[in-house]
Amino acid sequence: MTPSPDASQTEQATSFSPNGTLAIETRGLSKHFGKRKAVDGLTISIPVGVIAGFVGPNGAGKTTTIRLLLGLLRPGAGSATILGQPLTRPRSYLPRVGALIEVPAFYPSLSGRTNLEVLAHLGGHSHSRVSQVLEQVELSDRASDPVRTYSQGMKQRLGVAIALLPDPDLLILDEPANGLDPLGIIQMRDLLRHLREQGKTIFLSSHLLGELEQVTDWLVMLNQGKALFSGPARDLLDQQGVGASLEERFLAMLKGNHE
């Protein structure tokens with residue numbers, strides 16, 4: 001019997017993973033708001049230990065998908081597992097997940113360290129994690145300064161530090177490079193690679209396609225709530241030919257999807 005596309009995708013993802021397991025798997029996941037289909041039968045597989053880029057035009061359903069995975073929204077149909085646990089049991093997987101959704105919020109008059117200490121206390125995390133995550137995101141030397149004095153890049157890295165407080169296995173980041181200057185983007189790229197080297201899986205939503213091309217191992221391309229592509233980044237490059245940028249490849253897939 002010929003395996004279904006869904007089964008083939010899962011098999012490809014597990015073979016890509018160092019230990020043959022999946023960080024995220026969705027099957028027919030859907031969420032409608034009235035007549036609008038924000039997520040429409042989404043089926044994707046994300047291996048453990050990769051930086052997975054999640055890309056699509058505005059309104060494609062990226063943020064809604066992330067909110068579904070974090071248990072902030074209930075799906076209308078379909079299923080998913082996160083770190084091997086079902087979406088219907090968020091308490092079984094959320095302690096192992098860190099997330100940064102859209103713009104992180106801070107107390108601007110408090111220091112970076114104090115912001116983290118407050119959140120560590122509220123989240124029940126060890127205060128020893130505060131110094132550890134400040135070091136991970138390279139903010140130790142500015143930890144005592146008020147957040148209002150931080151650059152946009154520093155604020156984004158502090159947001160990642162918040163997501164790292166539980167020492168998660170899976171890190172879900174929504175546009176972490178948004179608003180950063182070129183130096184800030186490079187620093188964020190280096191940070192993500194360092195976290196991957198530590199064994200973390202990173203699910204990274206971004207509209208900066210050139211940046212995703214630099215840092216991702218795996219790609220999910222979304223349009224109108226459906227996956228146009230889900231697989232190793234190198235497979236997409238091979239499909240579209242030598243020399244084309246990721247943006248050109250994505251636009252070609254969008255065009256083909258509408259024809």
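These values consider heavy atoms only, across backbone and side chains, with no hydrogens, waters or symmetry-generated copies. In what follows, residues are counted from 1 in the order of the sequence shown.
When every heavy atom of Pro168 is checked against every heavy atom of Leu171, the shortest pair comes out as CG-CD1, 4.1 Å. Closest approach of Ala13 to Leu22, counting heavy atoms only: CB-CD2, 3.4 Å. The nearest pair of heavy atoms linking Gln136 to Arg129 is OE1-NH2, 3.8 Å. Residue Leu42 comes nearest to Lys226 through the heavy atom pair CD1-C, 4.2 Å, listed as atom of the first residue, atom of the second, then distance. A pairwise comparison of heavy atoms in Pro57 and Lys62 identifies O-NZ, 3.5 Å as the closest pair. Closest approach of Arg113 to Ser131, counting heavy atoms only: NH1-OG, 3.0 Å.
Counting heavy atoms from C-beta outward, Val215 and Arg193 have side chains that approach closer than 4.5 Å. In this structure the side chain of Thr201 never reaches within 4.5 angstrom of the side chain of Leu83, judged on heavy atoms. Side-chain contact check for Leu110 versus Val147: every heavy-atom pair is 4.5 Å or farther apart. Inter-residue side-chain proximity for Pro146 and Tyr107 is flagged as unmet; no heavy-atom pair is nearer than 4.5 Å. Contact of the Thr64 side chain with the Leu73 side chain is registered, since non-hydrogen atoms from C-beta on lie closer than 4.5 Å. At a threshold of 4.5 Å between non-hydrogen side-chain atoms, the residues Lys155 and Ser151 do not count as touching. Between Leu158 and Val137, the closest side-chain pair of non-hydrogen atoms is not below 4.5 Å. Between Leu69 and Phe203, some side-chain heavy-atom pair lies under the 4.5 Å cut-off.
For Glu135, the CD atom counts as loosely surrounded, since its 6.0 Å shell holds 12 or fewer non-hydrogen atoms of other residues, nucleotides or ligands. More than 12 heavy atoms of other residues, nucleotides or ligands shown are found within 6.0 angstrom of CG on Asp141. Enclosure of atom CZ in Phe33 by more than 12 non-hydrogen atoms of other residues, nucleotides or ligands within 6.0 angstrom is indicated.
Here Leu228 contributes atom CG and Met221 contributes atom CE; the two are 8.0 Å apart, rounded to the nearest 0.5 Å. Note: Asp169 CG to Gln198 CD = 12.0 Å, rounded to the nearest 0.5 Å. Atom OG in Ser111 sits 12.0 Å away from atom CZ in Phe106 (nearest 0.5 Å). From Leu29, atom CG reaches atom CG of Leu87 across 6.5 Å, with rounding to the nearest 0.5 Å.
The backbone N or O of Arg74 lies less than 3.5 Å from a partner atom in the side chain of Lys31, making a donor-acceptor pair. Here the side chain of Thr216 pairs a donor or acceptor atom with the backbone of Leu212 at under 3.5 angstrom. Judged by distance alone, with hydrogens and angles left aside, the side-chain atoms of Ser30 form a donor-acceptor pair with the main-chain N or O of Gly41 at under 3.5 Å. When atom types are taken as modelled, the side chain of Gln85 and the backbone of Ser92 share no donor-acceptor pair closer than 3.5 angstrom. Counting only distance, with no hydrogens or angles, the side chain of Lys37 and the backbone of Gly225 share no donor-acceptor pair below 3.5 Å.
A salt bridge is defined here as a Lys NZ or Arg NE, NH1 or NH2 lying under 4.0 Å from an Asp or Glu carboxylate O, and Asp217 with Arg196 meets this definition.
Donor-acceptor pairing under 3.5 Å is lacking for the side chains of His121 and Glu117. Inspection of the Thr63 and Asp174 side chains reveals an N or O donor paired with an N or O acceptor under 3.5 Å.
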Using a 3.5 Å cut-off and no angle test, enumerate the donor-acceptor pairs between side-chain atoms of residues 181-192 and protein atoms at least two apart in sequence or in another chain.
from: Asp181; atom 1: OD1; to: Leu183; atom 2: N; distance (Å): 3.3
from: Asp181; atom 1: OD1; to: Gly184; atom 2: N; distance (Å): 2.7
from: Arg189; atom 1: NE; to: Glu211; atom 2: OE2; distance (Å): 2.8
from: Arg189; atom 1: NH2; to: Glu211; atom 2: OE1; distance (Å): 3.0

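If you chain together hydrophobic residues whose side chains sit under 4.5 Å apart, Met154 and Leu164 fall into the same group.
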